[in-house]
Visitor: 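Structure below; questions to follow.
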Amino acid sequence: MQRYNPKDVEPKWQKIWEESGIYTSDLTSKKPKYIAMSMFNYPSGSGIHIGHAMNYTISDVKARFKRQQGYESYHPVGWDAFGLPAENYAIKTGVSPMESMANIIPGYHKQYKAMGWSNDWEKEISTHLPEYYRWTQWIFSEMYRNNLAYQDSRLQWWCPIDNTVLANEQVIDGKCWRHDGPDDPLAEKKEVKQWFFKITDYADELLEAIDGLDWSESVKLAQRNWIGKSIGANIKFKVVGSNDVIEVFSTAHDTIYGATFMVLAPEHELVKKLTIKAHSKEVEAYIQAAERKSEVERQTTKDKTGVFLGSYAINPVNNKEIPIWIADYVLVNYGTGAIMAVPGEDERDYEFANKYKLNIIYTTKDQKFINYQDIKSSPSKYIVANSNEFDGLTFKEARPKILQQLEDLGSGKAKVNYRMLDWSVSRQRYWGAPIPIIHCPKCGPVLVPDDDLPVILPELTDYQPTGDGRSALARATDWLKVSCPSCDGPAERETDTLDTYIDSSWYMYRYFDPRNQDKIFDSELVKKWEPIDFYNGADHATAHLLYARFIARFFKKIGLVNEAEPFNQFVFNGKVTSSDGSNFSKSKGNGVDPLEIIDNGYGADALRTYLMFAAPLELWTRWDPQGVPGAYRFLNRLWTLVSEYLDAQEGELDKDIEESIKKVINPVIKKVTEDIESNRYNTAIAASMGALNELYKLKAKSLVKNPVWLDAISSLVALIAPFAPHIAEELWQRLGHSLTVHKDSWPKPDDKYLASDNVTIVVQVNGKLRSQLLLPAGVSEEDATQAAKDNDKVSRYLEAKEIKKIIFVKDKIINIVIN
RNA sequence: GGGCGAGUGGCGGAACUGGUAUACGCGACGGACUUAAAAUCCGUUGGCCUUUAAAGCCUUGAGGGUUCGAGUCCCUCCUCGCCCACCA
């Protein structure tokens with residue numbers, strides 16, 4: 001008997017699959033379609049790690065399962081190739097990122113194939129190739145034409161190491177996401193002119209559609225929080241002795257009679273104007289200190305500080321003059337960058353008022369501090385006070401009336417506010433898609449005509465940003481100087497490149513038409529294949545997934561797609577950590593290399609099976625060094641069963657053994673089908689293991705070459721094929737099947753053998769387990785009761801007792817209640 | 001501070017709408033095969049429990065409740081994880 005050796009089996013089939021192209025999808029097929037994919041990979045010099053092995057196996061299993069079920073299953077592959085690491089490497093070494101990618105990506109091809117992933121390599125895409133980024137640029141142009149792209153000067157996060165702007169989500173605990181070590185400097189703020197996409201126009205739509213998504217709940221919640229919708233009012237306060245007006249956003253406008261001072265963010269545009277001379281020194285010092293203060297300090301030191309500007313505003317509802325302060329607990333980015341402070345009902349304002357001895361007016365009948373959060377959650381419980389004609393009303397009654405009063409006074413109106421800001425898409429970096437804009441001194445910014453796309457990224461010798469805020473492209477003079485498409489005068493190209501999140505927010509559509517030279521993609525094809533049926537990843541719960549949803553909605557609006565949501569199902573899977581629970585990291589040297597495990601002789605199949613078996617997909621898994629050997633043992637046992645079957649003599653089976661074999665295999669077919677369908681891979685594998693153990697017991701009784709054994713073993717091989725595709729293919733063909741196991745092979749359970757003729761009925765007395773009876777399925781309550789009473793183990797509890805009640809659950813349990 | 005989720009053997013984890021808790025795997029122990037080991041195969045493996053068995057009792061973070069019956073539902077508390085966080 002030949003031993004199971006993955007080193008022979010796996011490369012053999014990888015080669016055959018590649019040559020026969022069995023994973024190449026026919027996108028025009030008449031079969032029902034299915035597309036399963038994981039978030040695509042950023043190629044780096046270090047190759048794939050165990051986290052990648054986890055991620056990509058999850059979608060591969062799904063894709064294989066559907067392919068076996070007879071779907072035209074498409075498992076695409078691509079590279080998120082633009083981004084900082086390759087550029088930083090280029091700055092250090094002078095090797096162009098284009099060249100790095102050309103060196104790195106072929107290594108990934110080998111690794112992906114070694115893992116046995118069923119990717120369609122014919123349709124491979126990469127975001128850094130002009131054939132791809134031409135359309136990334138086109139999306140920018142379409143956004144611009146639809147008034148969804150605009151340029152603005154903003155205070156932006158700035159990484160002092162990379163000399164580049166950072167998106168909000170790239171700032172983690174006050175530091176650049178790429179430089180967040182203890183010795184790394186804090187991110188700074190810098191005024192930069194840049195391009196934005198108006199994602200806020202879609203905020204409400206994006207928020208409302210979340211409810212209908214078949215996504216991991218934690219991600220849906222994260223998206224809701226990210227969008228951060230609040231309903232309130234914008235209210236204007238006139239400044240005493242001037243025409244200036246301070247506008248605030250408040251969700252608690254019904255407490256306005258308790259507004260006893262105002263607070264502006266230190267960066268607020270009116271601060272200078274409203275500072276009277278006597279206070280200017282103090283104010284300037286405070287602003288400078290706030291600027292220098294890092295975001296971390298602003299967030300962690302909850303101690304409120306601030307200074308009085310010396311001027312006053314008028315509370316529109318009672319005409320009281322209230323002092324204007326600045327304080328860094330008010331954020332310039334949120335709302336209007338200014339608040340009306342209501343110390344009687346807001347904790348932060350209360351603390352501030354106490355510290356600086358500011359007036360406090362309580363607008364509740366209780367005349368003590370009550371957090372507005374509490375009022376908001378039960379507005380009919382609290383009574384309004386100190387609010388003129390509204391005194392005595394509940395907050396529930398007063399809220400609309402006070403808003404009406406503000407509207408009548410012309411001082412306020414209802415307003416919905418979002419935490420989410422417009423998407424900053426400019427990056428002052430080289431390694432990205434150039435923004436297709438030409439700046440003309442006469443015409444201003446002009447779009448590069450579509451026919452001139454792509455704007456090709458020129459090769460350089462020095463990739464270092466210029467340090468004046470512009471990317472290295474500013475040095476490529478030949479490239480930079482162009483004539484204006486509109487007036488033909490001398491002009492310059494935009495030197496910013498597009499945020500790589502744009503590349504990744506539309507790639508799923510390009511998968512359906514990767515080589516199209518005329519259009520971003522063939523809409524008819526995409527409309528046939530959208531949405532992505534299955535998508536998974538362990539990161540990017542907010543930014544990437546939200547941006548992709550935004551782009552999908554935009555594509556729908558301009559008629560490119562039919563579905564507003566790009567991903568039907570999204571699984572936010574867990575990661576793999578080292579055995580002690582800490583993250584794998586290169587610096588700690590505790591990483592586990594998937595290729596090493598394969599090369600050690602365990603093979604990709606055992607690795608894949610272990611990863612899918614260790615825990616439910618959403619859970620984080622600790623790496624268990626014994627796990628892969630365990631999975632290997634299981635596959636080896638299957639190999640042995642098949643080999644012994646092939647060596648067996650032809651023969652007849654006893655009817656009851658035949659029956660037993662069928663009753664092992666049919667329920668497991670049903671279970672594995674349901675479990676993979678609902679992403680419970682771990683229990684699917686457990687059930688297959690259980691079935692194999694049962695077949696081992698039956699094999700000891702009688703193993704002969706016979707259709708019943710062949711059918712059972714073949715079915716089991718087909719069931720594990722999504723997890724362990726190589727060994728499954730090998731055994732499948734050894735069993736005599738001429739076609740591949742990976743297409744149209746999924747077994748269907750025979751209902752006749754799903755339920756057994758006899759069932760174990762549990763007998764309880766007063767809810768305690770006393771005995772188990774093997775009775776015919778569907779046994780009546782009367783018969784079951786009689787059988788229970790006749791049973792020694794039960795009857796001894798019934799002696800001299802009165803039976804009060806009998807609970808009977810068909811085919812499951814009988815509970816005799818006595819006193 | 002807010003939100004979400006989770007606490008089950010030595011470990012990873014099973015248990016569908018309440019109905020045999022601990023499936024499956026790892027580890028451990030015993031046996032077979034072997035000169036020996038590895039590999040493989042066959043057993044045992046929640047606790048009280050000490051040689052086994054029988055019988056019994058206990059056991060899903062803690063305490064209480066609902067129910068014939070609770071890992072599952074309700075209340076109180078503890079612990080851990082994740083996400084958001086001076087968001088007006």
Side-chain angles (χ1 to χ4, degrees), chain A residues 3 216-222 224-226 228-230 232 248-253 255 263 265 298-304 327-331 333-342 345-349 351-352 371-373 417-420 541-542 572 574 579 581 609-610 613-616 618-631 633-634 636-637 640 671 674 678 680 682-693 696-697 700 760-772 793 796 804-818:
Chain A
R3 287 194 51 173
S216 299
E217 282 303 316
S218 60
V219 176
K220 289 166 73 166
L221 186 74
R224 285 191 195 100
N225 290 341
W226 185 262
K229 180 179 183 172
S230 18
V248 302
F249 172 72
S250 173
T251 54
H253 62 261
T255 60
V263 188
R298 272 175 84 153
Q299 283 175 10
T300 50
T301 53
K302 305 253 165 163
D303 230 16
K304 308 269 175 300
D328 62 9
Y329 77 90
V330 174
L331 308 173
N333 275 340
Y334 185 78
T336 61
I339 63 160
M340 62 175 202
V342 186
E345 281 86 29
D346 183 285
E347 257 180 17
R348 295 153 302 180
D349 300 344
E351 191 189 326
F352 195 80
N371 197 327
Y372 189 73
Q373 298 297 318
N417 196 59
Y418 297 93
R419 196 196 80 105
M420 182 172 74
T542 45
F572 194 52
S579 347
T609 304
Y610 162 66
F613 173 68
E618 320 79 63
L619 250 57
W620 286 51
T621 310
R622 288 185 181 202
W623 178 257
D624 176 0
Q626 294 304 327
V628 174
R633 229 164 283 161
F634 162 59
N636 192 36
R637 276 162 68 80
T640 305
K671 170 134 181 83
E674 288 169 356
S678 48
R680 293 191 302 257
N682 58 330
T683 53
I685 294 169
S688 305
M689 288 171 166
L692 182 63
N693 292 345
Y696 255 62
K697 284 178 195 154
T760 305
I761 296 204
V762 170
V763 184
Q764 298 180 337
V765 178
N766 279 358
K768 290 206 173 190
L769 173 71
R770 294 304 176 193
S771 184
Q772 296 164 22
K793 290 180 186 170
R796 82 172 75 151
K804 283 174 68 180
K805 199 174 174 185
I806 288 177
I807 313 283
F808 179 71
V809 181
K810 198 181 157 203
D811 288 350
K812 277 202 174 143
I813 202 165
I814 178 161
N815 187 8
I816 301 172
V817 185
I818 57 178

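Numbered from 1 within each chain, the chains take letters A, B, ... in sequence-line order. All values derive from a computational prediction rather than experimental measurement.
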Visitor: Of the non-hydrogen atoms in Ser230(A) and Tyr334(A), which two are nearest, and what is the gap between them?
Guide: OG-OH, 2.8 Å
Visitor: Write down the partner of rU66(B) under the Watson-Crick or G-U wobble criteria, each distance required to be under 3.5 Å.
Guide: none
Visitor: Give me the atom names and distance for the closest heavy-atom approach of Arg348(A) to Tyr329(A).
Guide: CB-CE1, 3.8 Å
Visitor: Under 4.0 Å, heavy atoms only, any strand: does Asn225(A) hit a base, just the sugar-phosphate, or nothing?
Guide: nothing
Visitor: Within the pair Thr683(A) and rA23(B), is there a side-chain N or O less than 4.0 Å away from OP1 or OP2?
Guide: no
Visitor: The side chain of Ala686(A) is closest to which nucleotide in this list: rC24(B), rG27(B), rU20(B)?
Guide: rC24(B)
Visitor: Which is true for Gly627(A) with a 4.0 Å heavy-atom rule: it touches a base, it touches only sugar-phosphate, or it touches nothing?
Guide: nothing
Visitor: Would you mind calling rG9(B) syn or anti? Take O4'-C1'-N9-C4 for purines or O4'-C1'-N1-C2 for pyrimidines, and syn is within 90° of 0.
Guide: syn
Visitor: Looking at every strand, decide which applies to Asp349(A) at a 4.0 Å heavy-atom threshold: base, sugar-phosphate, or nothing.
Guide: nothing
Visitor: Does a side-chain N or O of Arg348(A) approach OP1 or OP2 of rC87(B) to a distance below 4.0 Å, or not?
Guide: yes
Visitor: Between rU44(B) and rC49(B), how far apart are the two C1' atoms, rounded to whole Å?
Guide: 16 Å
Visitor: With respect to the side chain of Val330(A), which nucleotide from rA88(B), rC68(B), rU40(B) is positioned closest?
Guide: rA88(B)
Visitor: Looking at Met340(A) and Val248(A), what are the two nearest heavy atoms and their distance?
Guide: N-CG1, 3.7 Å
Visitor: Let's test this: given Watson-Crick or G-U wobble pairing with both distances under 3.5 Å, identify the partner of rC49(B).
Guide: none
Visitor: With a 4.0 Å limit, can you tell me whether Arg770(A) has a side-chain N or O closer than that to the phosphate oxygens OP1/OP2 of rC57(B)?
Guide: yes
Visitor: Find the partner of rC41(B): check Watson-Crick (N1-N3 plus N6-O4 or O6-N4) and G-U wobble (N1-O2, O6-N3) distances, both under 3.5 Å, and reply none if neither fits.
Guide: rG31(B)
Visitor: Ignoring hydrogens and geometry beyond distance, is a side-chain donor-acceptor pair present between Tyr372(A) and Ser250(A) at under 3.5 Å?
Guide: no
Visitor: Figure out the CG/P separation between Asp328(A) and rC87(B), and round it to whole Å.
Guide: 13 Å
Visitor: Determine the interatomic distance between C1' on rG61(B) and the same-named atom on rA6(B); round to the nearest Å.
Guide: 11 Å
Visitor: What contact category does Phe634(A) fall into here, base, sugar-phosphate, or nothing, at under 4.0 angstrom with non-hydrogen atoms?
Guide: nothing
Visitor: Pick the closest RNA chain B nucleotide for Tyr334(A) and for Gln772(A) by heavy atoms, then say which residue is nearer the 5' end.
Guide: Gln772(A)
Visitor: When you compare rG10(B) with rA62(B), how far apart are their C1' atoms, in angstrom units rounded to a whole number?
Guide: 23 Å
Visitor: Should Arg419(A) be listed as having a side-chain N or O under 4.0 Å from OP1 or OP2 of rA85(B)?
Guide: yes
Visitor: Between P on rG18(B) and CD1 on Ile807(A), what's the gap in Å once rounded to a whole number?
Guide: 15 Å
Visitor: If I pick the P atom on rC24(B) and the same atom on rU34(B), what distance separates them, to the nearest angstrom?
Guide: 30 Å
Visitor: Please find out if less than 6.0 Å separates the ring center of Trp226(A) from that of Tyr418(A).
Guide: no
Visitor: Taking a pair as Watson-Crick or G-U wobble with both distances under 3.5 Å, which nucleotide is matched to rA88(B)?
Guide: none
Visitor: Of the nucleotides rG19(B), rA39(B), rA21(B), which has the atom closest to the Asn815(A) side chain?
Guide: rG19(B)
Visitor: Please pick, from rG25(B), rU20(B), rC68(B), the nucleotide with the shortest atom-to-atom distance to any side-chain atom of Asn693(A).
Guide: rG25(B)
Visitor: Are side-chain N/O atoms of Arg3(A) and Asn636(A) paired as donor and acceptor at under 3.5 Å?
Guide: no
Visitor: Just call it for Gln626(A): base, sugar-phosphate, or nothing, with non-hydrogen atoms closer than 4.0 Å on any strand.
Guide: sugar-phosphate
Visitor: How far, in whole Å, is rG1(B) from rU8(B) if one measures between their P atoms?
Guide: 26 Å
Visitor: The side chain of Phe613(A) lies closest to which of these nucleotides: rG25(B), rG69(B), rC86(B)?
Guide: rG25(B)
Visitor: Looking at Thr621(A) and Ala614(A), what are the two nearest heavy atoms and their distance?
Guide: CG2-CB, 3.6 Å
Visitor: Between Lys671(A) and Met340(A), who's closer to the 5' end of RNA chain B by nearest nucleotide?
Guide: Lys671(A)
Visitor: Could you check whether Ser250(A) gets within reach of a base, just the sugar-phosphate, or nothing at all, counting any heavy atom under 4.0 Å?
Guide: sugar-phosphate
Visitor: For atom P, what is the distance between rC86(B) and rC80(B), given to the nearest Å?
Guide: 24 Å
Visitor: Below the 4.0 Å mark, does rA55(B) have OP1 or OP2 next to a side-chain nitrogen or oxygen of Lys768(A)?
Guide: no
Visitor: Roughly, in whole Å, what's the span from CG in Asn417(A) to P in rC87(B)?
Guide: 13 Å
Visitor: Does rG12(B) have a Watson-Crick or wobble partner in any strand here, with both distances under 3.5 angstrom, and which is it?
Guide: rC24(B)
Visitor: When we call it a touch if two heavy atoms are under 4.0 Å apart, what does Ile339(A) touch: a base, just sugar-phosphate, or nothing?
Guide: base
Visitor: Pick base, sugar-phosphate or nothing for Val809(A), based on heavy-atom distances below 4.0 Å to the nucleic acid.
Guide: base
Visitor: Look at Lys671(A) together with Glu674(A) and state whether they make a salt bridge at an N to O cut-off of under 4.0 Å.
Guide: no
Visitor: Could you check whether Asn682(A) gets within reach of a base, just the sugar-phosphate, or nothing at all, counting any heavy atom under 4.0 Å?
Guide: sugar-phosphate
Visitor: Using the C1' atom on both, measure rA70(B) against rU17(B) and round to a whole Å.
Guide: 15 Å
Visitor: Specify the closest pair of heavy atoms between Asp349(A) and Ala341(A), including all atoms of both residues, with the distance to one decimal.
Guide: OD2-CA, 3.2 Å
Visitor: Tell me which nucleotide among rC41(B), rG19(B), rC83(B) gets nearest to the side chain of Tyr696(A).
Guide: rC41(B)
Visitor: For rA39(B), take OP1 and OP2 only and decide whether either is under 4.0 Å from a side-chain N or O of Arg637(A).
Guide: no
Visitor: Students often get this wrong, so: under 4.0 angstrom with heavy atoms, is Thr621(A) touching a base, only sugar-phosphate, or nothing?
Guide: nothing
Visitor: Under the 3.5 Å rule, do the base of rC68(B) and the side chain of Lys804(A) count as making a donor-acceptor pair?
Guide: no
Visitor: Among rC4(B), rG12(B), rU20(B), which nucleotide sits nearest the side chain of Leu221(A)?
Guide: rC4(B)
Visitor: Remember a base hit wins even if backbone is also touched, and classify Leu619(A) as base, sugar-phosphate or nothing at under 4.0 Å, heavy atoms.
Guide: sugar-phosphate
Visitor: Heavy atoms under 4.0 Å, any strand shown: does Pro616(A) hit a base, just sugar-phosphate, or nothing?
Guide: sugar-phosphate
Visitor: Pick the C1' atom in rU51(B) and in rU59(B), then give their distance to the nearest Å.
Guide: 25 Å
Visitor: What does rG5(B) pair with, Watson-Crick or G-U, if both distances are under 3.5 Å?
Guide: rC80(B)
